[in-house]
Amino acid sequence: MYMTSAELREAFFTFFGNNDHQVVASSSLVPHDDPTLLFTNAGMNQFKDCFLGTEKRSYTRAVSSQRCVRAGGKHNDLENVGYTARHHTFFEMLGNFSFGDYFKHDAIGYAWKFLTEVAKLPKERLLVTVYQTDDEAFDIWAKDIGVPVDRIIRIGDKSPDKPYDSDNFWQMGDTGPCGPCTEIFYDHGDHIWGGPPGSPEEDGDRFIEIWNLVFMQFNRQSDGSMEPLPKPSVDTGMGLERIAAILQGVHSNYEIDIFQFLIKATAAMLNVTDLQDKSLRVIADHIRSCGFLIADGVMPSNEGRGYVLRRIIRRAVRHGNKLGAEQTFFHRLAKALATEMGPAYPELEQQLPVIEKVLMVEEEQFLRTLDRGLALLDDALRNLEGDIIPGETVFKLYDTYGFPADLTADIARERGLEIDQQGFDAAMEQQRQRAKQANQFGVDYNQSIAIEGKSEFTGYDGTEHAATVEAVFTKEGEAVHQLLAGVDGQIVLNTTPFYAESGGQCGDMGELLMEDGSFVVTDTQKSGDAIVHIGYVSQGEIHVGEALTAKVDDVRRNSIRLNHSATHLMHAALRKVLGDHVQQKGSQVSPERLRFDFSHFESISVNSIRTVEQLVNEQIRANFGVETNLMDLDEAKASGAVALFGEKYDEKVRVVGMGDFSTELCGGTHVERTGDIGLFRIMSEGGIASGVRRIEAVTGRYALDSLYNMADQLLEVSGLVKGDMGSAKDKVRQIVEHTKWLEKEVDRLNAKLTTLAGSSLAEQAIEINGIKVLVSTLEGTNTKALRSTVDDLKSKLGSCIVVLATVSDGKIGIAVGVSKDATGKVKAGELVNVVAQQVGGKGGGRPDFAQAGGSDEAALPAAMESVTPWLQERL
């Protein structure tokens with residue numbers, strides 16, 4: 001029974017939905033709160049806590065199609081992608097799950113019924129495996145399902161001294177939930193080499209595993225003993241691509257509809273005719289993983305998930321280069337991916353502009369170094385003795401040209417070579433040591449001040465305090481006795497109300513007032529336990545031992561306090577709206593605004609942002625008193641106070657509470673009551689790294705100013721559209737709609753004028769060896785109309801080559817059409833570049849039609865004149 005991939009996915013949902021399973025959407029490729037995983041690599045990942053019993057959901061049966069990536073860490077299929085029939089960096093895992101509900105009998109029954117009655121696979125083509133001692137599963141298959149015993153294979157442990165180390169025994173870890181599994185295999189037929197599972201020929205391609213049913217039956221103890229779980233569960237996984245290949249009557253996953261769509265889109269883009277080329281497979285696979293990873297918030301970088309993404313992009317670009325791509329192409333495949341898989345995964349369409357932009361930037365960056373890197377590799381291979389590329393060469397490619405080692409290994413394998421992995425690893429380690437040693441010479445600006453003792457901070461109780469100068473330093477950190485007027489320097493006091501930058505809160509500013517002078521404080525920092533006042537002597541002089549008054553800029557401090565307290569409220573609100581996985585990843589509190597970075601793995605909806613904003617403002621209006629208590633660290637954590645990311649705490653900590661809404665460990669300065677904040681407004685939200693979002697917000701008078709600015713802009717717009725603030729939106733909509741209509745009308749008239757001009761153009765064609773050639777520059781038209789004009793002229797002229805150009809808004813447009821009978825002699829893509837390169841542009845397209853742009857208008861006449869001589873040489 002033939003099914004498309006989309007039909008198969010839907011049939012799976014329908015079947016299990018009709019059997020009381022909750023259809024659960026695929027989770028992100030970035031695992032939530034699971035540091036053990038680089039990427040989501042199995043359907044059960046999002047249900048891990050359900051199986052462990054630490055999470056209860058409203059359902060006990062679930063079904064999903066989980067997107068998975070295996071391209072880094074323990075599960076890494078990258079090298080094999082494109083070279084085998086079933087390895088992918090990205091795949092979908094169909095699965096059904098039971099959390100203490102049904103067990104072996106129903107799980108096996110559901111699987112068999114779906115495969116034989118819904119998918120209508122021939123029963124005689126299916127065989128199964130069970131764990132060697134799992135008589136219960138064996139009997140269900142044999143007695144209840146009716147599978148012949150000669151097609152039920154028992155799989156034992158790989159080694160007698162390692163119990164449960166078997167392909168048919170699943171374990172979450174050395175301890176914890178585990179149990180036997182039963183796997184279902186499909187027999188592709190005796191015309192394909194290979195033997196059944198457990199045989200010496202099991203690595204062949206005849207018998208292919210399609211579904212694995214895991215029975216979580218035991219809880220493995222640290223001593224190796226197995227305790228039965230009180231509520232055994234079921235976790236199954238069936239690769240959508242594998243089962244789709246069977247239902248579509250093909251042997252390789254790359255022959256199914258999804259891959260064929262992407263392969264053909266790539267081939268058309270790169271003018272490749274051999275659809276079996278392995279590079280097409282690589283590119284089709286890689287656009288899937290790249291598109292989904294970026295949609296899930298992963299950005300290319302030099303570490304972690306971002307580095308894996310960068311490796312996949314660069315591998316795809318290199319294979320495009322092998323196929324003859326001379327310009328960026330990979331990012332344009334994102335649209336084909338969204339077309340094919342967007343109906344099942346709308347985020348592809350929603351994130352398409354981001355996906356395209358990220359891929360294009362990364363592609364352009366890599367292309368700038370690809371040619372030089374390949375040239376270096378070719379030079380190394382010419383002088384290579386033996387069949388192993390030295391580790392130093394591999395490292396140079398990585399360090400200088402950004403070639404990941406596995407990309408070099410990929411190229412090497414195509415040429416029958418290997419890389420010296422150990423040598424590369426050694427060179428990498430040497431680089432790390434050099435970097436470590438180099439860092440030892442770096443001196444932190446504030447640490448250059450050597451001062452013993454501790455400055456007492458009094459700023460919680462006030463912003464003005466008497467103090468004595470303990471030490472004086474130049475701005476370079478040299479200890480001196482005094483500073484004169486106009487000189488920059490750094491001052492340490494015995495006691496101070498100035499808050500030194502820490503915990504995201506910026507340092508205070510203000511003045512140190514002497515009897516006959518003043519030191520202006522432009523920043524306050526820490527150096528060990530000392531608080532350092534950075535600034536300059538505005539008048540008089542300042543010296544060691546001098547008594548003075550330290551006075552903080554109270555207006556500025558107050559703005560900071562508002563933003564810091566609002567940060568606490570917003571953090572609590574984010575956790576309530578988005579979930580407890582939200583954790584602070586960075587913070588900056590200044591007088592003008594607050595900036596808050598936090599862990600979250602997907603974009604935040606407008607409604608959620610508004611809900612956060614409303615929650616914070618509710619707490620402000622409630623006007624709770626802000627309570628601060630000094631506690632032991634362990635006591636504070638036990639009370640539920642949130643400890644912030646990256647902070648180092650003393651044994652005694654300050655716990656800041658705002659009603660029942662927020663309790664955090666914090667050493668910063670805060671308002672006395674939440675109502676002091678006045679107003680809170682979120683100004684922006686977005687992603688800044690994989691799994692990290694950023695919010696910027698304002699409070700108090702800055703929040704009010706932002707509303708005034710919006711009102712002023714709306715008032716100005718109202719005046720421009722001759723309306724008032726109430727009608728401005730409708731007026732703008734009318735103008736936009738009218739503008740769109742006018743643009744369409746201009747395009748229509750342009751097309752009409754161009755068609756009229758094209759009718760007379762046909763008479764200007766000349767003939768070269770039986771092929772009519774028309775080369776012309778059109779005036780008063782735009783690039784959009786060129787294509788239709790070329791098509792009209794081709795139909796009028798028959799066997800022909802048409803080259804048209806135009807200049808619109810300072811931009812050159814070029815279109816080339818070649819009748820199909822002439823494409824054997826002249827390719828449109830080649831000809832369009834003959835013109836484009838002379839006018840500062842580049843283009844491409846199919847053999848029968850191509851377009852290009854340019855910018856050098858003065859060079860256009862000569863470029864067009866060069867076409868006829870160029871064609872005479874080829875025709």
Side-chain angles (χ1 to χ4, degrees), residues 269-271 324-329 332 364 367-368 371 747 750-751 753-875:
M269 189 179 294
L270 300 180
N271 294 320
E326 297 179 353
Q327 56 184 344
T328 58
F329 76 96
R332 290 188 284 150
E364 289 174 341
L367 282 175
R368 285 194 287 269
D371 290 340
D747 288 343
N750 263 322
L753 287 171
T754 306
T755 301
L756 291 172
S759 299
S760 61
L761 278 176
E763 301 172 2
Q764 300 175 22
I766 63 173
E767 190 168 310
I768 302 176
N769 291 334
I771 296 177
K772 292 180 180 178
V773 174
L774 175 60
V775 182
S776 182
T777 300
L778 303 182
E779 295 182 0
T781 188
N782 56 33
T783 54
K784 282 185 179 179
L786 285 184
R787 177 166 190 154
S788 60
T789 306
V790 168
D791 289 340
D792 288 342
L793 288 168
K794 283 172 66 178
S795 64
K796 285 185 175 71
L797 296 173
S799 181
C800 65
I801 296 172
V802 179
V803 182
L804 299 182
T806 189
V807 180
S808 177
D809 296 328
K811 296 179 181 179
I812 298 171
I814 308 160
V816 174
V818 180
S819 59
K820 292 199 180 290
D821 63 311
T823 55
K825 297 179 181 178
V826 174
K827 298 284 191 298
E830 183 182 7
L831 177 51
V832 80
N833 275 314
V834 169
V835 181
Q837 288 171 5
Q838 297 179 63
V839 295
K842 199 174 183 181
R846 304 189 309 270
D848 62 334
F849 181 80
Q851 285 182 294
S855 56
D856 189 353
E857 187 176 345
L860 183 60
M864 296 294 281
E865 288 174 6
S866 71
V867 173
T868 300
W870 187 87
L871 288 173
Q872 287 172 335
E873 292 180 5
R874 285 154 181 79
L875 299 176

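We use all heavy atoms of the structure for the numbers below, so side chains are in, but hydrogens, waters and symmetry mates are not. If you read the sequence from its start, that first residue is 1, and numbering goes on from there.
Considering K820, K827, R787 in turn, K820 is the only one that fulfils the salt bridge (charged side-chain N to carboxylate O under 4.0 Å, His left out) rule with D848.
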Please list every donor-acceptor pair under 3.5 Å in which a side-chain atom of residues 829-841 meets a protein atom from a residue at least two apart or in another chain.
from	atom 1	to	atom 2	distance (Å)
N833	OD1	G843	N	2.8
N833	ND2	G829	O	3.3
N833	ND2	G843	O	3.0
Q838	NE2	V834	O	2.8
Q838	NE2	S866	OG	2.9

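Environment of CD in E326: sparse, with no more than 12 heavy atoms of neighbouring residues, nucleotides or ligands closer than 6.0 Å. Counted within 6.0 Å of CD on Q327, heavy atoms from surrounding residues, nucleotides or ligands total more than 12; the atom is thus considered enclosed.
A distance of 9.5 Å separates CD of Q851 from CZ of R846, quoted to the nearest 0.5 Å. The distance from atom CG of L797 to atom OG of S819, rounded to the nearest 0.5 Å, is 9.0 Å. Rounded to the nearest 0.5 angstrom, L860 CG and E865 CD are separated by 10.0 Å. With rounding to the nearest 0.5 Å, the separation of CG in L793 from CG in L761 is 6.0 Å.
Looking at heavy atoms from C-beta onward, V826 lies out of side-chain contact with V816 at the 4.5 angstrom threshold. For the pair T868 and I768, the minimum side-chain heavy-atom distance is below 4.5 Å. Between L786 and L778, the closest side-chain pair of non-hydrogen atoms falls below 4.5 Å. I801 places none of its side-chain heavy atoms less than 4.5 Å from the side chain of V867. Side chains of P847 and N271 form a contact here, defined as non-hydrogen atoms less than 4.5 Å apart.
Contact between A822 and C800 at its shortest, heavy atoms only, is CB-O, 4.4 Å. Scanning all heavy atoms of the two residues, the minimum distance from M864 to S776 falls at CE-O, 3.3 Å.
The main-chain N or O of S799 is never found under 3.5 Å from a side-chain atom of D821 such that the two would form a donor-acceptor pair.
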